[in-house]
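Throughout, protein chains are lettered first and strands after them, A, B, ... in sequence-line order, and every chain is numbered starting at 1. Note that the structure is a prediction, hence the values are computed from the model and not measured.
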2 protein chains.
Amino acid sequence: MEKQNVTIYDVARESGVSMATVSRVLNGNSNVRQATKEKVLKVIDDLDYRPNAVARGLASKKTTTVGVIIPDVTDGYFSSLARGIDDIATMYKYNIILANSDDNPDKEASVLNTLLSKQVDGIIFMGNEINDDLRADFKRSDCPIVLAGSVDINNSVPSVNIDYADAVKNETERLIKNGNSRIAFASGSMKQDVNKKYRLKGYVSALENNGIKFNEKLVFETKGTYEDGYDLAEQIINDKVTAAVATNDELAAGILNGMTDRGVSVPQDFELFTSNNTKLAKMMRPQLSSITQPLYDIGAVAMRLLTKIMNKEEIDNRYVVLGYEIVERDSTK
Amino acid sequence: MEKQNVTIYDVARESGVSMATVSRVLNGNSNVRQATKEKVLKVIDDLDYRPNAVARGLASKKTTTVGVIIPDVTDGYFSSLARGIDDIATMYKYNIILANSDDNPDKEASVLNTLLSKQVDGIIFMGNEINDDLRADFKRSDCPIVLAGSVDINNSVPSVNIDYADAVKNETERLIKNGNSRIAFASGSMKQDVNKKYRLKGYVSALENNGIKFNEKLVFETKGTYEDGYDLAEQIINDKVTAAVATNDELAAGILNGMTDRGVSVPQDFELFTSNNTKLAKMMRPQLSSITQPLYDIGAVAMRLLTKIMNKEEIDNRYVVLGYEIVERDSTK
DNA sequence: CTGTTAGCGCCTTCAC
DNA sequence: GTGAAGGCGCTAACAG
C-alpha cells in the first residue's frame, strides 16, 4: 500500500498532455477540445486522481473554505444558524472550519488569528459581544466577514439579524394587552448589546407607550442558562411579577419549569414569552409563546452575503434585517 | 491599504538571517542561538507576520486540521459530541472542518472526498449507518479515521462508544422490575445498526431473562423525530403498552408529550426511559429517566484517539467503550 | 486549443 | 548554529 501520490503531473503524462491542460479541464476552463477533455477525464478516473486542495490554495490564493466562529455548537440557537450556514456554503462549494469561542474574547481573537493564517476566504462570526478589540481585529484582517444573528451596534461589519428591539416591544405589548403591568425582563448578560441596547429598549418603549412606569427592579440579568431561569423563578414569584419576556429559550425553559414546579400555573397566573423559537419552545409544556426567528435563514442569508462579498459582487444592503413573527402558544393567554 | 504580503522571506531579510532560520524559530527548532531567535521574534512581531498555513501544509504535508462529519449539528446528541471533539482538537492545535451529512450516504461519500482533497490529517465520523461502500471508502482513504458515538458492527475503524445493548437491557429490566410486561421499544430507523443490532438486542435479552415473550408488535420503528414520537403515542395507547424505551431523546420527548397531551399520566400509567440524556431530558416535565451517556467525553476521547493515530503512537485499544449510568428521574416509578 | 515557465510561501535536507 | 537550494502540487500568465 503506497500513499496517494498521483499528482496532476501523473495524469498529464498518462494522457499525453501538459499539466496546464489537465488543470484546465479540472477547472472547467472551456478552452479545451472535447476529445482531449474526455481523454484527460478518463485518465483522472483510472488513476483515481484527486486534486490537492492545499496546493491549489497556495497557487490560487483561494481555499474555498470559510471560518465560522460560534459561541457554542451545543446551543440550539447557534447550531441552527450554523446549519443554515453550512448548507449554503456547501451549495457554493465552500467548506467550513467551525470553532467554538464560548463568547470569550481571548478565544475569539486567537481563533480569528488561526483562521486567517489558514487563509480562509471569509468568516462568519457569531457572538454576543463585539468589543473594540474585536472590531479592530476585523478591520485589520482584510478578510470578508459577516455577522450572523449577532449584533454590532457600530455596524462595522455586514450582518444578518432580525429587529430584536421591535420584536421584544411587540411581545411586551401583547403582555400588556393581556392585562399585565408587572412584567419582568429576564435577560442574559447585559454586556451583550442585543440585550442591553436592543431588547431592553424594546421592552422599555412598550412600557412607556402604555403608560407603565419602567421599574429597574423588574430587569433580571442572568447568564442566560436553563438553571439561571429555574432559580430566577423564585425571585419572580416573590416580586409578584405576572409575566415575563425572556431573551433566550433555555432561560425561558428554566423560568417556565421553575414557576410550574413551584406551583404557579402558566399561563393563568404567569405569562411568558421567549425569543428564539428553537425546537425547545414546542417541546416545553405548556409550549412557549415566542418570537419566531428564521434561524436557519439567518445563517443561510449570512453565508450567501459572504459569498457575494468574497466574489466582489455589488451589495445593495450590508445590514440585512430579516422579518420575524410572533407565535402565541400556551405560555401566554 | 495593501494586502497582507509579509512572508517568511520578508522577516528573514529584515532580521538579517536566512528563511531557514526563521522557519526554525517558527517551528521551535532548538538549533538556533538564543540571540538570533529573539531578534527574529522581534521582527516577526514588528512586521505582524503570520505564517501561511496553506504553504506550510503543502510543504510539510500536514494541515493541522481534521474533518468532522456529522449528521446534523442541530441534533443535541451530535452537537455535544462535536463540542468535545472541538475542545480536544483545539488543545492539540487542530482545527475542525465540520460537514453535515444528514446521514445521507451520497453526501457522506462526497464530503469524505472533499475532506480528503483538502488534505485533512484525520477524520472523525459520526453517523448512524455505516454501509459497505462507506467502509470501502474509509479503507481506501489511507487517512486516520475514528468513529465517535457511532457504531460499525464490523469494527473496521477505531471507535468510541458506550455499550448500547447493555444500557438498553438495563433500562428494560428496571421497567420490568417496576411491574411492566408490555414494554415498547420505540426506535429510530432500524437501518441503523445501533438500533437493530445493539439496542434491540438488549431489549430482547432483558425480556428473555425475565420470562417475557418478545412481541414484535411492540417494536415501533420511526425516523426518530419529536413529531414521530408525538404521533406514536396514540398507537402506544391503543396497544395498551405500559412502558417504553426510546432510542433517542427527541423521540422520547415526543412520546412523553404525546402521552401527556392525550391524558395519560406519566409515570403512573406509563413509564418511559430514554437513551442519550441530552439537555432536553431535564427540561421535560416530567423529567426523563435516561441512560447518561458521557457525550462530551465520547467526542473528546475520539479526538484524543485520533491524535494518537495521526501521531503514530502505540494504541492499546482501538475500540473504546466508555461507561454509562442510568439516572431515574420522573418518567419512571 | 495547448504547452512552457514561473512562482505561491514554506519546510527540509545537505553543506558549511 | 546557519545558509543555500530544491521541491510540495497546482495555477496563471504568456507564448505559440
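In the set dT11(D), dC11(C), dT4(C), the nucleotide with an atom closest to the side chain of Asn27(A) is dT11(D). Minimum atom distance to the side chain of Met19(B) is reached by dC10(C), of the listed dC1(C), dC10(D), dC10(C). When distances are taken from the side chain of Arg56(A) to each of dT11(D), dT2(C), dG9(C), the shortest belongs to dT11(D). Set against dC10(C), dC11(C), dC10(D), the side chain of Tyr49(B) has dC10(C) as its closest nucleotide. When distances run from any side-chain atom of Val17(A) to the nucleotides dC11(C), dC10(D), dG3(C), the shortest one goes to dG3(C). Of the listed nucleotides (dG7(D), dG3(C), dG9(D)), dG3(C) has the atom at the smallest distance from the side chain of Arg24(A).
For the residue pair Arg24(B) / Asn31(B), no side-chain donor-acceptor distance below 3.5 Å is found, with atom types taken as modelled. Between Asn311(A) and Thr307(A), the side chains place no donor N or O within less than 3.5 Å of an acceptor N or O (distance only, hydrogens not considered). In this model, no donor atom of one side chain and acceptor atom of the other lie less than 3.5 Å apart for Asn155(A) and Ser159(A).
We find that CG of Asp10(B) is positioned 14 Å from C1' of dC8(C), with the value rounded to whole Å. Atom OH of Tyr9(B) is separated from atom P of dA5(D) by 12 Å (rounded to the nearest Å). Atom NZ of Lys37(A) is separated from atom C1' of dT2(C) by 15 Å (rounded to the nearest Å). Straight-line distance from the NZ atom of Lys118(B) to the P atom of dC8(D): 23 Å, rounded to whole Å. Lys62(B) places its NZ atom 18 Å from the P atom of dC10(C), with the value rounded to the nearest Å. The nearest whole Å value for the distance from the CG atom in Leu58(B) to the C1' atom in dC10(D) is 8 Å. Look at CD1 on Ile44(B): it is 13 Å from C1' on dC10(C), rounded to the nearest Å. Here dC10(D) presents its C1' atom at 12 Å from CD of Gln119(B), a figure rounded to the nearest Å.
Contact annotation: Thr36(A) side-chain N/O to dT2(C) OP1/OP2 distance is under 4.0 Å. At the phosphate of dT12(C), neither OP1 nor OP2 sits under 4.0 Å from any side-chain N or O atom of Ser23(B). When the side-chain nitrogen and oxygen atoms of Lys61(A) are compared with OP1 and OP2 of dG9(C), one or more of them lie within a distance under 4.0 Å. One finds a side-chain N or O of Ser18(B) lying less than 4.0 angstrom from the OP1 or OP2 phosphate oxygen of dG3(D). A sub-4.0 Å separation between OP1 or OP2 of dC8(D) and a side-chain N or O of Asn52(A) is absent.
Both Ala59(B) and Ser60(A) lie near DNA chain D, and the one whose nearest nucleotide falls closer to the 5' end is Ala59(B).
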Derivation and outcome, side-chain contact (heavy atoms from CB on, under 4.5 Å), residues Leu322(A) and Ile298(A)
CA-CA 7 Å; Leu322(A) 262 32; Ile298(A) 292 176; 3.9 Å; yes

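Listed for the Lys118(B) side chain is a donor-acceptor partner under 3.5 Å among the backbone atoms of Thr64(A).
Atom OH of Tyr319(A) has more than 12 heavy atoms from other residues, nucleotides or ligands within 6.0 Å.
Residue-level contact check: Asn31(B) touches the bases, meaning some heavy atom is under 4.0 Å from a base atom.
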